[in-house]
Amino acid sequence: AFGTEMQKSFVGRGPDWDYRTFNFDKDVIASEDKVGPILDATNPDLSAFFKRGGKFILWHGWNDPAIPAGASIQYWESVLRKMGKARVNE
């Protein structure tokens with residue numbers, strides 16, 4: 001239900017859209033291009049955030065039905081690689 005409603009509402013395929021028409025070869029990329037900049041938090045460069053004095057807290061429940069918890073772990077690891085452990089732990 002989550003994916004279907006995401007396509008109908010956020011991606012803009014309309015209320016009558018049928019998930020059986022989804023083409024994985026092209027529709028995944030088109031969907032990410034449309035809503036990714038709004039919804040995705042994938043940029044590991046938090047330098048501007050830290051420069052303004054931001055403190056980063058990351059929490060993710062293991063039973064989140066929409067986003068796998070492993071994605072948050074991967075993001076955190078990418079932040080550590082990009083920013084460096086010392087900078088993140090300041």
Check: Should the heavy atoms of other residues, nucleotides or ligands under 6.0 Å from CD1 of I29 be counted, would the total exceed 12?
Finding: no

Margin query: Could you report the tightest heavy-atom contact between Q7 and S31, atom names first, then the distance?
Written below: NE2-OG, 3.1 Å

Notebook entry, point to check: For F22, what residues pass the ring-ring contact (aromatic ring centres under 6.0 Å, His included) criterion, not counting sequence neighbours?
Noted result: F24

Note to self: Minimum heavy-atom separation for N23 and D25, please, with both atom names.
What the structure shows: OD1-N, 2.8 Å

Item checked: Set of side-chain contact (heavy atoms from CB on, under 4.5 Å) partners for D16, sequence neighbours left out -> none

Notebook entry, point to check: V88 versus F56: any side-chain heavy-atom pair under 4.5 Å?
Noted result: no

Note to self: Going by side-chain contact (heavy atoms from CB on, under 4.5 Å), name the residues that satisfy it together with T4, two or more places apart in sequence or in a different chain.
What the structure shows: K8, W17, Y19

Note to self: Which Ile, Leu, Val, Met, Phe, Trp or Tyr residues join W59 in one cluster when any pair of side-chain heavy atoms under 4.5 Å counts as a link?
What the structure shows: none

Notebook entry, point to check: Does any N or O in the side chain of S9 come within less than 3.5 Å of the main-chain N or O of M6, such that one atom is a donor and the other an acceptor?
Noted result: no

Check: Take atom CZ in F10; do more than 12 heavy atoms of anything else shown fall under 6.0 Å from it?
Finding: no

What pairs of donor and acceptor atoms, side-chain ones from residues 65-82 against any protein atom, are under 3.5 angstrom apart with sequence neighbours left out?
from	atom 1	to	atom 2	distance (Å)
S72	OG	H60	ND1	2.6
Y75	OH	N43	O	3.0
S78	OG	Y75	O	2.6

Margin query: Going by salt bridge (charged side-chain N to carboxylate O under 4.0 Å, His left out), name the pairs with one or both residues in residues 27-52, residues two or more places apart or in two chains.
Written below: R13-D27

